[in-house]
Amino acid sequence: METPREPHFFKPLLPGFQSGVAIPLDFYSKHIQGAEINKPWKLRSDASDQIWEVIREGRTLTKGWKEFTEAHDLRIGDIVIFKHEGDMVFHVTPFGPNCCEIQYTHPHIVKEEADADDAPTFSYDYCFLAEVTPTNQKDDKMFLPVEAMRCGALNQQCKEVKLVNKEGKSWTARFGFSESDGAYYISRGWRKFCRDNRCTNGDLFVFNVVGDGTTTPLLCVCPERKECTELLIKHFSRIDGSIASTSRN
């Protein structure tokens, strides 16, 4: 296959995106690996004549990335496309959650907002723990905690969700509600997600739910943030407590 003249990749912006953004492995190995380590990326956009220099540490853009996101008023749920123009110069095009290119006013970089009545309100403050088990892989069905019923990004009319890993790659899965269990579940896509991410039984994922309650919700693998760490600590504390209780009987 012929290599495109301007190779590109896209990244959905997940919670914690301002601290750094990971370059997809395939793109990195084909177009970046072996490049001068200390050479910064130069990011430009149609919103301004300014060039932002961003430091790359391994496969992650770090120093300078936060300034770029703030200047472009990027938010969780936005999608950015990086087009490599050569010599570590990238043209960046931001898209909103509606999958339309974000328009900016000039001369200042200000995102044009939709009318208040039309602007979606995104919920991304609900995390839950999912464990890969022999049963949910065999059945291709993974139940969410009952508490997910209170998450504004989810509703019983949703028919599908997108599972997004840390690299920004997504998998579409069926989403449903079980009346007998009183809980949401993911099916017809969960097993593929586990297989493609080389999961083994016992692996744990902390998902952060992103959505507005009307569009297809994203279940994003949560980066190592405080609330996710606390959720894992609670999980293992429950396991330790169960073991201790059993040993006393």
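Keep in mind that the numbers below use all heavy atoms, side chains included, and drop hydrogens, waters and symmetry copies.
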Check: Between CZ of R195 and CD of Q137, what distance do you get to the nearest 0.5 Å?
Finding: 9.0 Å

Next item on the list: List the steps and the verdict of side-chain contact (heavy atoms from CB on, under 4.5 Å) for N197 and W171.
Entry: CA-CA 11 Å; N197 285 276; W171 289 258; 3.4 Å; yes

Next item on the list: Would you indicate whether the side-chain heavy atoms of I186 and F193 approach each other to under 4.5 Å?
Entry: no

Notebook entry, point to check: Taking the side chain from R59 and the backbone from I23, do they hold a donor-acceptor pair closer than 3.5 Å?
Noted result: yes

Next item on the list: Check for a donor-acceptor pair, side chain of D140 on one end and backbone N or O of R191 on the other, with a separation under 3.5 Å.
Entry: yes

Next item on the list: Measure the spacing between OG of S178 and CD of Q156 and express it to the nearest 0.5 Å.
Entry: 10.5 Å

Check: Would you call V132 and W190 a side-chain contact if the rule is heavy atoms closer than 4.5 Å?
Finding: yes

Check: Can you tell if the side chain of H72 reaches within under 4.5 Å of the side chain of I102, non-hydrogen atoms only?
Finding: no

Checklist line | Residues that K63 engages under salt bridge (charged side-chain N to carboxylate O under 4.0 Å, His left out), provided they are two or more places apart | finding: none

Note to self: Consider side chain to side chain contact (heavy atoms under 4.5 Å, CB included). Of E70, R75, E67, which one does Q18 pass it with?
What the structure shows: E70

Item checked: Flag side-chain contact, heavy atom, 4.5 Å: D26 against P24 -> no

Note to self: Please determine whether residues V209 and M149 belong to a single hydrophobic cluster, defined as Ile, Leu, Val, Met, Phe, Trp and Tyr linked transitively by side-chain heavy-atom distances below 4.5 Å.
What the structure shows: yes

Next item on the list: Say whether I32 and L25 are linked into one hydrophobic cluster, either directly or through other cluster members, by side-chain heavy-atom distances under 4.5 angstrom.
Entry: no

Note to self: Donor-acceptor check, side chain of N136 to backbone of E131, threshold 3.5 angstrom: yes or no?
What the structure shows: yes

Check: Would you call the rings of F9 and W41 parallel, tilted or perpendicular if under 30° counts as parallel and over 60° as perpendicular?
Finding: perpendicular

Note to self: Please tell me whether F128 and V161 are part of a single hydrophobic cluster in this structure, the criterion being side-chain heavy atoms less than 4.5 Å apart.
What the structure shows: yes

Margin query: Would a single hydrophobic cluster contain both F143 and F175, if residues Ile, Leu, Val, Met, Phe, Trp and Tyr are joined by side-chain heavy-atom contacts under 4.5 Å?
Written below: no

Margin query: I'd like to check E85 versus K42 (side-chain heavy atoms, cut-off strictly below 4.5 Å). Are they in contact?
Written below: no

Next item on the list: Enter the distance from R44:CZ to F68:CZ here, rounded to the nearest 0.5 Å.
Entry: 10.5 Å

Margin query: Less than 4.5 Å apart, side chain to side chain, heavy atoms only: is that true for V54 and F90?
Written below: no

Next item on the list: For residues L43 and W65, determine if any side-chain heavy atom of one lies less than 4.5 Å from a side-chain heavy atom of the other.
Entry: yes

Note to self: What verdict does the side-chain contact (heavy atoms from CB on, under 4.5 Å) test give for K83 and T93, after you've listed the backbone C-alpha separation in whole Å, the side-chain angles of each residue and the deciding distance to 0.1 Å?
What the structure shows: CA-CA 8 Å; K83 182 181 290 185; T93 305; over 6 Å; no

Next item on the list: Report the distance from atom NZ of K162 to atom CG of L219, rounding to the nearest 0.5 Å.
Entry: 12.0 Å

Margin query: Do M142 and F205 have side chains that approach each other closer than 4.5 Å (heavy atoms only, starting at C-beta)?
Written below: no

Check: Which heavy-atom pair separates V221 from N165 by the least distance, and what is that distance?
Finding: CG2-CA, 3.7 Å

Notebook entry, point to check: If every non-hydrogen atom of E160 is compared with every non-hydrogen atom of P217, which pair is closest and at what distance?
Noted result: O-CD, 3.6 Å

Margin query: What's the separation between atom OG1 in T60 and atom CD1 in I55, rounded to the nearest 0.5 Å?
Written below: 13.0 Å

Margin query: Taking atom CG as the centre, does D181 end up with more than 12 heavy-atom neighbours from other residues, nucleotides or ligands that are less than 6.0 angstrom away?
Written below: yes

Check: Taking all atoms of both residues into account, what is the closest heavy-atom pair of F17 and I76, and its distance?
Finding: CE2-N, 3.7 Å

Next item on the list: Show your working on side-chain contact (heavy atoms from CB on, under 4.5 Å) between L144 and F207 and close with a plain yes or no.
Entry: CA-CA 10 Å; L144 278 63; F207 285 103; over 6 Å; no

Check: Which word best sums up how the rings of H31 and F27 line up, parallel for under 30°, tilted for 30 to 60°, or perpendicular for over 60°?
Finding: tilted

Note to self: So which atom in L163 and which in G189 form the shortest heavy-atom distance, rounded to 0.1 Å?
What the structure shows: CD1-O, 4.4 Å

Next item on the list: Kindly say whether the aromatic ring centers of H8 and F82 come within a distance under 6.0 Å.
Entry: no

Check: Any chain of hydrophobic side-chain contacts (each under 4.5 Å) joining L154 to F177?
Finding: yes

Notebook entry, point to check: Going from CG on L129 to CG on L204, what distance comes out if it is rounded to the nearest 0.5 angstrom?
Noted result: 5.0 Å

Check: Which atom names give the shortest non-hydrogen contact between E101 and F95, and what distance separates them?
Finding: N-CD2, 3.3 Å

Next item on the list: Mind listing the closest non-hydrogen atom pair of G182 and V146 along with its distance?
Entry: O-CG1, 4.0 Å

